[in-house]
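First the structure, in the form of structure tokens, and then the observations on it.
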Amino acid sequence: NAGVTQTPKFQVLKTGQSMTLQCAQDMNHEYMSWYRQDPGMGLRLIHYSVGAGITDQGEVPNGYNVSRSTTEDFPLRLLSAAPSQTSVYFCASRRQDSLEQYFGPGTRLTVT
Amino acid sequence: AQTVTQSQPEMSVQEAETVTLSCTYDTSESDYYLFWYKQPPSRQMILVIRQEAYKQQNATENRFSVNFQKAAKSFSLKISDSQLGDAAMYFCAYRSAMGGGADGLTFGKGTHLIIQP
């Protein structure tokens, strides 16, 4: 049982490039979400999903797309990277009937 | 929208002593959950303790306990017998128990806890 996994761990992009941050969980959790963490800030919710085929926006969704074609995977797409998207990104999941949210190890993204 | 405020950017405590981290929140909801997360330098987010707003009894997990004051919207974390391994960033977080809104946590900005040997 690997829990929540994220790839890559580190990534450097140039402004305007696109990329996908991968997130997978093997716990059959219905709910998954993406957060970003900037220096001196707590985590902020980008997008979330309550099940396969269902996604919605969080607090800071601009510049990001998500999809949820399977229960296990919840990728986060940056369509045209900007320096303001330099951050650490966390994926998380939880069971619908549980309070406990499990976090992945994070991806540190730098946009130059 | 809910907000979570941690007014102590940094705290320092001697090993084996007790330290209290402060958290206040603002919400118009009556049913919600509160959490404390620990983030060591590895940056892994680790759940320390949680509290359901409908429960009057304060949650306790070994050396960690909370002082939940619902009327004052205050949720402080007390760490007893501080250990070197407790050094980390600590985040207070809020989750609504009401349906229909975004499913996610609202975090404070964190408190950096330093343990002096």
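Side chains are part of it too, since the values below use all heavy atoms of this structure and drop only hydrogens, waters and symmetry mates. Below, read A as the first sequence line, B as the second, and so on, with proteins coming before strands; counting in each chain starts at 1. All figures in this text were calculated on a predicted structure; none of them were measured in a lab.
- Interface remark: A:Arg108 contributes backbone and side-chain atoms alike to the contact with chain B (heavy atom separation under 4.5 Å).
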- Could you give me the CA-CA distance, side-chain angles and deciding distance for A:Gln101 and B:Leu47, then say whether side chain to side chain contact (heavy atoms under 4.5 Å, CB included) is met? CA-CA 8 Å; A:Gln101 196 157 33; B:Leu47 178 64; over 6 Å; no
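- Both the backbone and the side chain of B:Leu105 come within contact range of chain A, judged by heavy atoms closer than 4.5 Å.
- No side-chain heavy atom of A:Leu13 sits under 4.5 Å from any side-chain heavy atom of A:Thr110.
- Contact of the B:Phe75 side chain with the B:Cys92 side chain is registered, since non-hydrogen atoms from C-beta on lie closer than 4.5 Å.
- Contacts between residues 80-91 of chain A and chain B, defined by a heavy-atom separation under 4.5 Å, are made by A:Val88, A:Phe90.
- None of A:Ile46, A:Val60, A:Leu43 except one satisfies the side-chain contact (heavy atoms from CB on, under 4.5 Å) rule with A:Trp34; the exception is A:Ile46.
- Cluster membership check: B:Ile79 shares its hydrophobic cluster with B:Leu34, using side-chain heavy-atom separations under 4.5 Å among Ile, Leu, Val, Met, Phe, Trp and Tyr.
- In B:Lys78, the NZ atom is not crowded: 12 or fewer heavy atoms of neighbouring residues, nucleotides or ligands sit closer than 6.0 Å.
- Hydrophobic cluster membership is shared by A:Phe103 and B:Phe35, with clusters built from Ile, Leu, Val, Met, Phe, Trp and Tyr side chains linked at under 4.5 angstrom.
- One hydrophobic cluster, built from ILVMFWY side chains closer than 4.5 Å, holds both B:Leu84 and B:Leu21.
- In terms of non-hydrogen atom pairs under 4.5 Å with chain B, the most contact-rich of A:Ser33, A:Gly106, A:Gly58 is A:Gly106.
- Summarising the geometry of B:Val13 relative to B:Thr18, their closest heavy-atom pair is CG2-O, 3.8 Å, with the distance given to 0.1 Å.
- Transitive grouping of hydrophobic side chains (ILVMFWY, heavy atoms separated by less than 4.5 Å) keeps A:Leu99 and B:Tyr32 in distinct clusters.
- Remark: A:Ile54 CD1 to A:Met32 CE distance equals 14.0 Å, nearest 0.5 Å.
- Among all heavy-atom pairs drawn from B:Gln8 and B:Ser22, the shortest one is OE1-N, 2.7 Å.
- Heavy-atom minimum distance, A:Arg77 versus A:Val66: NH1-C, 4.0 Å.
- For A:Glu100, the parts lying under 4.5 angstrom from a heavy atom of chain B are both the backbone and the side chain.
- Side chains of A:Leu78 and A:Leu109 form a contact here, defined as non-hydrogen atoms less than 4.5 Å apart.
- Residues of residues 48-71 of chain B lying under 4.5 angstrom from chain A, judged on non-hydrogen atoms, are B:Arg50, B:Glu52 by number.
- Among all heavy-atom pairs drawn from A:Gln6 and A:Pro105, the shortest one is OE1-N, 3.7 Å.
- Put simply, the side chain of B:Tyr33 does not reach to within 4.5 Å of the side chain of B:Tyr94, judged on heavy atoms.
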- Query: Given the rule in the ring-ring contact (aromatic ring centres under 6.0 Å, His included) test, do A:His29 and A:Tyr102 qualify, once you have shown the distances and angles that lead to the verdict?
  - Reply: CA-CA 10 Å; A:His29 287 173; A:Tyr102 293 79; 5.5 Å; yes
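- At a heavy-atom cut-off of under 4.5 Å, chain A is reached by B:Tyr37, B:Gln39, B:Arg43 from residues 36-43 of chain B, listed in order of number.
- Between A:Thr7 and A:Gln22, the side chains place no donor N or O within less than 3.5 Å of an acceptor N or O (distance only, hydrogens not considered).
- Proximity to chain A at a heavy-atom threshold of 4.5 Å picks out B:Gly108, B:Lys109 from residues 108-117 of chain B, in numerical order.
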